[in-house]
Amino acid sequence: MAARTVPDARTGTPQQLQSVRATLRSPRRLKTEALAGLVVALALIPEAIAFSVIAGVDPRIGLFASFTMAVTISFVGGRPAMISAATGAVALVIAPLMRSHGLDHLIAAVVLAGVFQILLAVLGVTRLMRFIPRSVMVGFVNALALLVFMAQLPELIGVPWMVYPLVAVGLVIVVGLPRITTAVPSPLVAIVVLTLFAVLAGVDVPTVQDKGQLPESLPSLFIPNVPLTWETLQTIAPFSLSMALVGLLESLMTAKLVDDIMDTRSNKTRESWGQGVANIVTGFFGGMGGCAVIGQTMINVKGAGARSRVSTFLAGVFLLILVVVLGEVVGLIPMAALVAVMIFVSAITFDWHSIAPRTLRRMPKSETAVMLITVAVVSVTHNLAIGVGAGVLAAMALFARRVAHFATVQRTVVELNGETVATYTVDGELFFASSNDLYTQFEYALDAGPGISRVVVDLHASHLWDASTIAVLDAVTEKYRRQGREVELIGLNEASIQMRERLAGKLNADG
């Protein structure tokens, strides 16, 4: 497979997007991918534990899920270098099921969610991505950056004062080191330096081990002990479907973001069913499921310069090694180091150009409103799917409102073959929004007078899009018929003629 040239994520200079085989043959690229995977693994540990708490499960359930999701998606996913793991969005969806029915039902729901994701991929759900406007995508990115930042605030409140200088030093390292050298990812250097300082200086600050107990054994096969009955399906199916939709939406949006960063296209259909396969594997190993995770993906792609599946695979492998074999060492990492890395991630993820005064002056107010609505809903609900859904609905409503004003009606009166004809020229696309007030734009009383012989509606510059428009035209012709005037519709294109022939006169109770 030929390599493709793309901008480097850190320097903007061209570099080769290489296949896995080419990466394994290049010591330089392999080092970059391996170090990226190590940084991602370190950043995954506290978040996986935190998401386990949200879901109400043992921390090992979240950590094992992050391992199996990352390793599996590295083989079956459609977006190289993207990281999948346990996520807060999925944890929020499945937490009520865990509280009401326990772990076995939760694992069964994770497996069923994977099946749903495969089915949705087969049904072509990825094609719906084209209906997500750019303003929603910008809002999605900005909301993610804010969520990543807000997730760090609890680590900065009510903590020893030494946490603050450690975070500051960590930020200086991750921001400043790339200006000197990019041989080693700056987030990894920040974690190592701050950990060594905290240990050697005996600084008493919160560490990773304070978040929860790390596992001491490998994950094993887990078969959920649930009755295979219709009642069980009714119980878990709503949670599974919600998890499938939330996971796919977050994964596909993240994949699109990485596409833009790396200037390459990814296989969204493969990513969709790959997420399903990863969740099925994760469920059968006792994990809580997951999807693409934006923060660690940004660390991998932007912070460390990873470009292939190797980094995703190694992130999962390193995560397992760190928590099982080197758990005592990992537990010593100060949370301040990871907070500094995640604040850096939130800063490089946020689209600062979108809120620049010059951009806001030039951007249509409706698109800015859609972006802000998406950010606000995500920030309040902490649910990316709800936020994106609200943004899309707002974009649709504002678009329909704007387009509704494009349809105009102009009345002219002409003498034609001894008759006085009132002609209405309709200009614009006619659908439910623009045709609703079409009925009111005709001069019924004036046309009913003795001076008018007949009425013509000229639709050369229009197109009939839906049944609402046909119903309005039926109402107009019926209004004139009751007044003794026949209405002639002219200028319909072929598609509009076919729709009118199929539906005209059949949309009311008597049709």
Side-chain angles (χ1 to χ4, degrees), residues 17 19-20 23 33-34 36-41 43-45 47-48 51 61-91 110-111 113-122 125-126 129 219 243-259 261-262 264-301 304 306-321 384:
L17 176 64
S19 67
V20 171
T23 299
E33 300 288 316
L38 179 58
V39 176
V40 170
L44 279 172
I45 293 172
E47 289 207 352
F51 297 149
I61 304 298
L63 289 166
F64 286 156
S66 294
F67 158 67
T68 52
M69 287 293 298
V71 169
T72 306
I73 207 69
S74 69
F75 289 97
V76 299
R79 173 67 267 176
M82 191 167 76
I83 305 297
S84 290
T87 61
V90 169
V110 170
V111 174
V115 174
F116 281 152
Q117 287 177 326
I118 294 174
L119 292 176
L120 290 170
V122 172
V125 70
T126 56
M129 286 293 293
M243 177 182 167
L245 294 173
V246 169
L248 280 186
L249 181 60
E250 187 164 349
S251 298
L252 294 178
M253 294 285 279
T254 304
K256 189 175 185 303
L257 175 61
V258 178
D259 288 351
I261 293 171
M262 295 173 60
T264 60
R265 290 185 296 176
S266 59
N267 189 329
K268 303 300 189 300
T269 298
R270 177 174 175 177
E271 183 62 38
S272 296
W273 65 255
Q275 289 289 330
V277 172
N279 273 302
I280 292 173
V281 171
T282 296
F284 282 123
F285 276 93
M288 58 181 277
C291 61
V293 54
I294 183 68
Q296 281 68 23
T297 296
M298 290 299 101
I299 291 175
N300 198 44
V301 175
R307 288 293 180 271
S308 79
R309 300 175 184 275
V310 175
S311 59
T312 306
F313 173 78
L314 290 178
V317 172
F318 285 147
L319 173 64
L320 188 65
I321 294 174
L384 293 166

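Atom set for the values below is all heavy atoms of this structure, side chains included, hydrogens, waters and symmetry mates excluded. Along the sequence shown, the residues carry numbers beginning at 1.
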Are side-chain N/O atoms of S74 and T312 paired as donor and acceptor at under 3.5 Å? no
Those residues at least two apart in sequence (or on a different chain) that pass side-chain hydrogen bond (donor to acceptor under 3.5 Å, both in side chains) with N267 are none
Does some side-chain heavy atom of Q117 sit less than 4.5 Å from a side-chain heavy atom of S272? no
With N300 as reference, evaluate I83, V258, V293 under the side chain to side chain contact (heavy atoms under 4.5 Å, CB included) test and give the passing residue. I83
Would you confirm whether R79, through its side chain, and K268, through its main-chain N or O, come within 3.5 Å as a donor-acceptor pair? no
Any L120 side-chain heavy atom under 4.5 Å of W273 side chain: no
Okay, side chain of Q296, backbone of A43: is any donor-acceptor separation there less than 3.5 Å? yes
Is it the case that the side chains of E33 and T23 hold a donor-acceptor pair, with the cut-off being a distance below 3.5 Å and no angle test? no
Side chains of T269 and T126: is there a donor and an acceptor less than 3.5 Å apart? yes
Provide the closest heavy-atom pair for A81 versus S311 in the form atom of the first, atom of the second, distance. CA-OG, 4.1 Å
Please check if the number of heavy atoms outside K256 that lie under 6.0 Å from its NZ is greater than 12. no
Check: A292 main-chain N/O paired with S251 side-chain donor or acceptor under 3.5 Å: yes
Measuring centre to centre across the rings, with the benzene-like ring taken for any Trp, is F75 within less than 6.0 Å of F313? yes
Assess the side chains of T87 and E250: does a donor N or O sit below 3.5 Å from an acceptor N or O? no
